[in-house]
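Comments concern the structure below.
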Protein chains: 2
Amino acid sequence: MTKRRADGLSKAVIVKAATGLLDEGGEAALTFRALTTRLSTGYGAIYHHIANKSDLLAAATDDIVEDVMTGVVGAAEPREALRTVALRLFDAIDAHPWVGAQLSREPWRPALLEVYERIGGLLDALDVPGEALFDAAGALVNYVLGVAGQNAANARLLAGDADRSAFLSGVAARWAGLDPARYPFVRKAAARLAEHDDREQFLAGVDIFLAGVATLR
Amino acid sequence: MTKRRADGLSKAVIVKAATGLLDEGGEAALTFRALTTRLSTGYGAIYHHIANKSDLLAAATDDIVEDVMTGVVGAAEPREALRTVALRLFDAIDAHPWVGAQLSREPWRPALLEVYERIGGLLDALDVPGEALFDAAGALVNYVLGVAGQNAANARLLAGDADRSAFLSGVAARWAGLDPARYPFVRKAAARLAEHDDREQFLAGVDIFLAGVATLR
DNA sequence: ACCTGAACACCGTTCAAGT
DNA sequence: ACCTGAACACCGTTCAAGT
């Protein structure tokens, strides 16, 4: 008795619906049952356009990464451009936490081609010598995706906004109570935890990395 | 009619069995059905000692990280010690790929305390100034866990050993065939892909990072 | 106190049957 | 060609019942 879709289904339509479910409820919310409901269709119709769930997740991830990279304009000075690309990826993964998990699960996705090309080209423009260029590009891409993914996992864990500061001050309190003889560093870090900004710390890491790259010239 | 366990069950015994299943068959192999079989017990017996599956995964991960960190001895020069800690973590995650996924899912685990303390302390010994110390430690831990996790995901994807070179040369061939005008960097990278060593590239990244840290002094 | 295993409420995926 | 939805083979987790 449910009414049949008037317009035809397509992979693009399915991927868009999947992205919506993922953004709203996280990875657990993407089920074929939820998809069929949202698209007013049956299982077979979906499987007619995609191979399986992992194919669907990959396609949704590709879409997000593609958007990020097409939005990056040229022009800027290489160092600044590198920071911009890194931040855009960080923000996109922050907005779509499931993208972080997916990219660390399938790091050879075609969508990452654009990321490697862009970052490699910019490092080249910074005169990183050929032998070190590929190591440097690999390390930087890994840093960006790794940290962004970790940050996204954090954000997911701390769903509520008010939870966040409560959780962080809880961790800070636990750390502050550690044995100073065994954990001198972590105890000192506890004081900074409340005021620290993940995005700024991410960028500070990029800067340290770029300073290291500059020594290779 | 199945015989009952003679010795008592404990969280440690369950975690050990879970680690075995994870190492042998990856995350998909850890099911409560497989666990009850391996331990000759029932579901309730397991739930009597652990809260749920995610608790079990966390405990198994803590065990591995703990082993890595207790195995790290002091003595060495800070730069060398940092490389050693990084490599040991990399190798442990390579040997137990599911640890990488788990650590990026729950980056606030107590087991990581030891990692932060150790890396923070060593950076402190390198005279990184206080304001930058926490950013640097956060960035380095993130780099290590992020890259190791990505590498482990790769390794998992390429289960067979012979598959690996076949897969890599496939990727290299695809990259080499890209439009040179659009993808100059990736095309050049393709030539290096076959001969590249993930472990060495990881260490090269650590060195770049440490060179960057040295400029902060 | 500790353990057993049937039962429940979910999954992803398949496939005969419809239009 | 494209779509439907019952059915299958799994999950994690619960809980009344046993020792």
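Predicted, not measured: the structure shown is a model, and the values here were computed from it. The sequence lines fix the lettering, A, B, ..., with proteins before strands; numbering per chain opens at 1.
Rounding to the nearest 0.5 Å places CG of Asp207(A) at 4.0 Å from CZ of Arg83(A). Atom CG of Leu103(B) and atom CG of Asp62(B) lie 8.5 Å apart (nearest 0.5 Å).
Using a 4.0 Å heavy-atom distance criterion, Leu56(B) is classed as making no nucleic acid contact. Within 4.0 Å of Leu30(A), counting heavy atoms only, lie sugar-phosphate atoms of the nucleic acid but no base atom.
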In a table with atom names and distances, give each donor-acceptor pair under 3.5 Å that connects a side chain of residues 139-151 of chain A to protein atoms at least two apart or in another chain.
{"unit_1": "Asn142(A)", "atom_1": "ND2", "unit_2": "Gly138(A)", "atom_2": "O", "d": "3.0"}
{"unit_1": "Tyr143(A)", "atom_1": "OH", "unit_2": "Phe202(A)", "atom_2": "O", "d": "3.1"}
{"unit_1": "Asn151(A)", "atom_1": "ND2", "unit_2": "Asp94(A)", "atom_2": "OD1", "d": "3.2"}

Acceptor/donor pairs from residues 43-51 of chain A side chains to any protein atom, 3.5 angstrom cut, sequence neighbours excluded:
{"unit_1": "His49(A)", "atom_1": "ND1", "unit_2": "Ala45(A)", "atom_2": "O", "d": "3.2"}
{"unit_1": "His49(A)", "atom_1": "NE2", "unit_2": "Leu9(A)", "atom_2": "O", "d": "3.2"}

Indicate every side-chain donor-acceptor pair of residues 20-28 of chain A with a distance under 3.5 Å to a residue at least two apart or in another chain.
{"unit_1": "Asp23(A)", "atom_1": "OD1", "unit_2": "His96(A)", "atom_2": "ND1", "d": "2.7"}
{"unit_1": "Asp23(A)", "atom_1": "OD1", "unit_2": "Trp98(A)", "atom_2": "NE1", "d": "2.8"}
{"unit_1": "Asp23(A)", "atom_1": "OD2", "unit_2": "His96(A)", "atom_2": "ND1", "d": "3.1"}
{"unit_1": "Glu24(A)", "atom_1": "OE1", "unit_2": "Arg38(A)", "atom_2": "NH2", "d": "2.8"}
{"unit_1": "Glu24(A)", "atom_1": "OE2", "unit_2": "Arg38(A)", "atom_2": "NH1", "d": "3.4"}
{"unit_1": "Glu27(A)", "atom_1": "OE1", "unit_2": "Arg156(A)", "atom_2": "NH1", "d": "3.2"}
{"unit_1": "Glu27(A)", "atom_1": "OE2", "unit_2": "Arg105(A)", "atom_2": "NH2", "d": "2.9"}

Can you give the donor-acceptor pairs under 3.5 Å from side chains of residues 168-182 of chain A to other protein atoms, not counting sequence neighbours?
{"unit_1": "Ser169(A)", "atom_1": "OG", "unit_2": "Ser165(A)", "atom_2": "O", "d": "2.9"}
{"unit_1": "Ser169(A)", "atom_1": "OG", "unit_2": "Ala166(A)", "atom_2": "O", "d": "3.1"}
{"unit_1": "Asp179(A)", "atom_1": "OD1", "unit_2": "Ala181(A)", "atom_2": "N", "d": "3.0"}
{"unit_1": "Arg182(A)", "atom_1": "NH2", "unit_2": "Glu114(B)", "atom_2": "OE1", "d": "3.4"}
{"unit_1": "Arg182(A)", "atom_1": "NH2", "unit_2": "Glu114(B)", "atom_2": "OE2", "d": "3.1"}

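Helical stems of DNA chain C (runs of at least 3 Watson-Crick or G-U pairs, donor-acceptor distances under 3.5 Å) are listed by first residue: C:4-8 with D:12-16, C:12-16 with D:4-8.
Remark: the backbone N or O of Leu30(A) is paired with a side-chain donor or acceptor of Lys53(A) at under 3.5 angstrom.
In this structure, Ile50(B) places its CD1 atom 10 Å from P of dG12(D), rounding to the nearest Å. His48(A) places its NE2 atom 18 Å from the P atom of dG18(C), with the value rounded to the nearest Å. Rounded to an integer number of Å, the gap from NE2 of His49(B) to P of dC2(C) is 6 Å. With rounding to whole Å, Leu35(A) atom CG is found 12 Å from dC11(C) atom P.
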Pairwise N/O distances under 3.5 Å, protein to nucleotides 13-17 of chain C:
{"unit_1": "dT13(C)", "atom_1": "OP2", "unit_2": "Tyr47(A)", "atom_2": "OH", "d": "2.8"}
{"unit_1": "dT13(C)", "atom_1": "OP2", "unit_2": "Lys53(A)", "atom_2": "N", "d": "3.0"}
{"unit_1": "dT13(C)", "atom_1": "O5'", "unit_2": "Tyr47(A)", "atom_2": "OH", "d": "3.0"}

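Salt bridge Arg192(A)/Asp135(B): absent, no basic N to carboxylate O contact under 4.0 Å.
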